[in-house]
Amino acid sequence: MKLSTPSALVSAALLACVPSTLALTAEQWKGKSIYQLLTDRFAPPSADAPARTQDLPAVCDPKAQTWCGGTWLSIIDKLDYIQDMGFDAIWISPVSTNIDIATPYNFAYHGYWVTNPTTLNPRFGSEQDLHTLSNELHKRNMLLMVDIVVNNVPSLSINDSLSTEALQAADVFWTNPDQYHPYCPVNFSNLTSEQYCWLGDLKLPLMDVDTENPFVITTLQNWIKNLTSTYNIDGLRIDAAKHIPGVFWPGFCGAAGVFCIGEVYTGDVVFAAEWQTQKWMDSILGYPLYFSLVQAFGTPMGNMSNFVQIGNAVLDMPDPMVFGNFLENHDLPRWLNATVDPQLAYNALIAQFIFDGIPIVYYGQEQEFHEGAGDPYNRQALWPSNYANTTTYNRIKTLNAVRKAVMTNNTMYNGQNFINSKTQFIASTDYDVAIRKGPFVAVLTNRGSPSQQVTFGVPNSGFDSTSAVIDIMSCRSFSVGANGTISVSYAASGYGGMPYLFMSQADVSSINWCGLGSQYAFKSPNATSSAVVMNPSMGLLGAGVLVLVAAGTLGSWIA
Ligand SMILES: *[C@@H]1O[C@H](CO)[C@@H](O)[C@H](O)[C@H]1NC(C)=O
Ligand SMILES: *[C@@H]1O[C@H](CO)[C@@H](O)[C@H](O)[C@H]1NC(C)=O
Ligand SMILES: *[C@@H]1O[C@H](CO)[C@@H](O)[C@H](O)[C@H]1NC(C)=O
Ligand SMILES: *[C@@H]1O[C@H](CO)[C@@H](O)[C@H](O)[C@H]1NC(C)=O
Ligand SMILES: *[C@@H]1O[C@H](CO)[C@@H](O)[C@H](O)[C@H]1NC(C)=O
Ligand SMILES: *[C@@H]1O[C@H](CO)[C@@H](O)[C@H](O)[C@H]1NC(C)=O
Ligand SMILES: *[C@@H]1O[C@H](CO)[C@@H](O)[C@H](O)[C@H]1NC(C)=O
Ligand SMILES: *[C@@H]1O[C@H](CO)[C@@H](O)[C@H](O)[C@H]1NC(C)=O
Ligand SMILES: *[C@@H]1O[C@H](CO)[C@@H](O)[C@H](O)[C@H]1NC(C)=O
Ligand SMILES: *[C@@H]1O[C@H](CO)[C@@H](O)[C@H](O)[C@H]1NC(C)=O
């Protein structure tokens, strides 16, 4: 929606009162995929989305830690880019008012230094603008996930910050010292300390809100109920959820009435599982899976058994289908910063999208950003990329699209629909792994780009012997051996340890993929043709040169 005149604003305001969607539950978020963006960094101001900050820097330098000019309205300018990649939802930075002066870490361009949850951050737009973004998403059949911060409030001093006078002078929402826990520095080896002590540091302490205080509890519940209903928010990402005792959350998320996914920054699968077994929250971000993917695919010949072990533990949790699976976010290194071999990133990407859960892509991952070992360097402006059609953008688009096609096809696998059919590890070696979900078998490796004279065989893949399977990423066809064995060779020069995402030829045809049908254009295998010579025993059809004679016709392969 383009707003330029006051009357347009008025009619937009009227539109905003028409409820467009109902809040979405965890069950309804299953099968979605989410694009995480920082509001300030995703899209620049434009004629339709004027800057809300004066004197913006000419070039957005992440280490300067200041505003670069993105707003709720500028996000709308680039929604096509996100939607074309196949995402169902965006997760935006916290929308509440932040400390608005220079701190020892400069400005709150990221939105996490909330001083008043109940008012909107004018740096990102007006109430009307947030309505407009929400409406525009819903018009496109997309969802709005908002990041929220309730655990802490920034302060500029440890000493005296908890006097009524200091709190009033700081213009924070919680002005009574009783609404905070007293100062102590967090000890990250002690959960009680993590919950009651202050995050941040001596330069920028984050005062820990007393979320046992009944007035605080009621006020936060009323606020979140109002926020989600006022702006038709479909889901919440909850910052520092781990730092508030779990018992706080059911009342809070119940009041919100929408799906909650919490930031529980831990590799501890037992503690992570408690969030669901104790029913504290619908879902948490998949840090255990992330750490295991780093172990497995973060370095060439890394620890694949870690992925198998942690992955299985994650699959044993009550509802792995709602965990948020990510490779990057605003707190972590860009994947390509820590792992320069692009084949490893490609393998990890397939794992991210095929493993049970909700894939979440942090803006810039699709642009193959490799600068950014951590905060603030991993928060670059996206616009210098020109929103290019990169290889990774296309892979993500393919993965989102094929998941959607399979969901739409609505087949049951062992009595479950695709989303609820549990991922299974079906084979592994020290460096290779095969996982199945629904009609897919992903064959992954951490061997990296250099070719190796090895073959990874996956017996009992579930595919019929002597049938054909197709790698849906490249649309190349392979034949299945006795006992349903598929085997891939990593000997091809220039490809080495590339990932495969197999589906039976019949299933590929049923969803009109790879030109086997009319819906999707056949992808020319040219680029990977003769260079990829598989183990001859696999009986690769036509050595990768699959030529489809007539779209929509099965069996019209010429070797
Ligand atoms: C805070 O108080 C402590 C002890 O009272 C003192 O050592 C410290 O320097 C003070 N810090 C600041 C930032 O004023
Ligand atoms: C942090 O907590 C752990 C476990 O409770 C404890 O053993 C350790 O001494 C604490 N460290 C500090 C610096 O207090
Ligand atoms: C853990 O932290 C809490 C809160 O600071 C403290 O009361 C408790 O003594 C700590 N436990 C240990 C074992 O250090
Ligand atoms: C609900 O939020 C709106 C928009 O921020 C605000 O104007 C209104 O006062 C809030 N209502 C309550 C009951 O808090
Ligand atoms: C790999 O991960 C497994 C499972 O977590 C662990 O037991 C093993 O020690 C790790 N191996 C190496 C070489 O780090
Ligand atoms: C990783 O990011 C840092 C900045 O945080 C940069 O200096 C470094 O060159 C990057 N490394 C790679 C491999 O891109
Ligand atoms: C993006 O690149 C892919 C692969 O090269 C191509 O198939 C597609 O048409 C391109 N899309 C646009 C919008 O240019
Ligand atoms: C197929 O499975 C059977 C029974 O497990 C086994 O005896 C046979 O050797 C297998 N054949 C191949 C080619 O792996
Ligand atoms: C799609 O549905 C058809 C008909 O039920 C089924 O035969 C086919 O296996 C399904 N395809 C996939 C990819 O699940
Ligand atoms: C694809 O292959 C055809 C036939 O060999 C060739 O004419 C064409 O140039 C190739 N295209 C690319 C992009 O390599």
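Whatever order the structure lists them in is the order used to number ligands and atoms, beginning at 1. Because the structure is a prediction, the values reported are computed rather than measured. Values below: every heavy atom of this structure, side chains too, minus hydrogens, waters and symmetry copies.
The side-chain hydrogen bond (donor to acceptor under 3.5 Å, both in side chains) test with D147 singles out one residue from R237, H330, Q36, and that residue is R237.
Scored by the ring pair (Phe, Tyr, Trp, His ring centres under 6.0 Å) test, Y346 finds no partners at all (sequence neighbours excluded). Scanning for side-chain contact (heavy atoms from CB on, under 4.5 Å) contacts around T277 gives E274, P318, with sequence neighbours left out. Residues passing the side-chain contact (heavy atoms from CB on, under 4.5 Å) test with V294 are Y290, W335, sequence neighbours excluded.
Near ligand 6, N337, V340, H370, E371, G372, A373, Y377 each place a heavy atom less than 4.0 angstrom from the ligand.
Between N306 and F291 there is no side-chain heavy-atom pair separated by less than 4.5 Å.
With a 6.0 Å cutoff to the six-membered ring centre and a 45° limit on the axis angle, R334 counts as a cation-pi contact of Y363. Cation-pi check for K437 over F418 is met; the charged atom lies under 6.0 angstrom from the ring centroid and within 45 degrees of its normal.
The atoms of ligand 9 that sit less than 4.0 Å from any heavy atom of S510 are 1 (C), 8 (C), 10 (C), 11 (N), 12 (C), 13 (C).
Within the structure, ligand 9 has Y413 among the residues with a heavy atom less than 4.0 angstrom away.
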